[in-house]
Amino acid sequence: AALGEEDDGADDASSPKTTVGPYGGLVGSADATNRDTAYRAVADHVRCLAFAIADGATPSNEGRGYVLRRVLRRAVRYARQTLGA
């Protein structure tokens, strides 16, 4: 929107449009769809990647770089399969 015009936020890249519902904090048998478990698992994987990269690791084909690649692939797969993201 131009200066002085109202913005409806329809093209706002900072708020992605997804069909995944919000995190509900459900644990165990209360989380029948495993959606909240998937949120926590993806968050843990991203946290692991952030700390490893901050520590100087880079994705590669050997050693801890290979582990980073596997962690990233697992997080993406889990998000797609369970969350539909």
Side-chain angles (χ1 to χ4, degrees):
L3 188 60
E5 293 180 10
E6 286 201 32
D7 186 13
D8 64 355
D11 59 348
D12 188 11
S14 65
S15 59
K17 310 299 185 254
T18 64
T19 59
V20 180
Y23 176 72
L26 301 175
V27 179
S29 61
D31 185 17
T33 62
N34 289 329
R35 185 181 70 206
D36 291 346
T37 302
Y39 273 119
R40 286 190 299 275
V42 170
D44 284 343
H45 283 75
V46 170
R47 188 178 306 118
C48 169
L49 289 168
F51 276 96
I53 291 171
D55 193 38
T58 56
S60 68
N61 291 333
E62 53 191 36
R64 69 180 184 169
Y66 180 69
V67 173
L68 283 180
R69 288 179 50 208
R70 289 185 61 191
V71 168
L72 179 59
R73 281 197 308 257
R74 187 172 179 195
V76 170
R77 184 188 58 202
Y78 204 20
R80 284 188 177 172
Q81 286 177 349
T82 308
L83 297 174

Query raised in the report: With Arg69, which residues qualify under side chain to side chain donor-acceptor pair (under 3.5 Å), at least two apart?
Result: Asn61
Query raised in the report: Given side chains that start at C-beta, do those of Leu68 and Leu72 come closer than 4.5 Å, heavy atoms only?
Result: no
Query raised in the report: Which residue pairs satisfy the salt bridge (charged side-chain N to carboxylate O under 4.0 Å, His left out) criterion with at least one member in residues 56-66, sequence neighbours excluded?
Result: Asp55-Arg64
Query raised in the report: Is the number of heavy atoms from other residues, nucleotides or ligands within 6.0 Å of CZ (Arg70) greater than 12?
Result: no
Query raised in the report: Would Val76 end up clustered with Val67 when hydrophobic side chains under 4.5 Å apart are linked, directly or stepwise?
Result: yes
**Report entry** Rounded distance (nearest 0.5 Å) linking atom OH of Tyr39 with atom CZ of Arg35
**Finding:** 6.0 Å
Requested in this report: Drop me the distance from Arg80's CZ to Arg77's CZ, to the nearest 0.5 angstrom.
Outcome: 11.5 Å
Kindly list each side-chain donor-acceptor pair under 3.5 angstrom involving residues 40-54, sequence neighbours excluded, with atom names and distances?
{"from": "Arg40", "atom 1": "NH1", "to": "Tyr23", "atom 2": "OH", "distance (Å)": "3.0"}
{"from": "Arg40", "atom 1": "NH1", "to": "Leu26", "atom 2": "O", "distance (Å)": "3.2"}
{"from": "Arg40", "atom 1": "NH2", "to": "Leu26", "atom 2": "O", "distance (Å)": "3.4"}
{"from": "Arg40", "atom 1": "NH2", "to": "Thr37", "atom 2": "OG1", "distance (Å)": "3.4"}
{"from": "Asp44", "atom 1": "OD1", "to": "Arg47", "atom 2": "NH1", "distance (Å)": "2.5"}
{"from": "His45", "atom 1": "ND1", "to": "Ala41", "atom 2": "O", "distance (Å)": "2.6"}

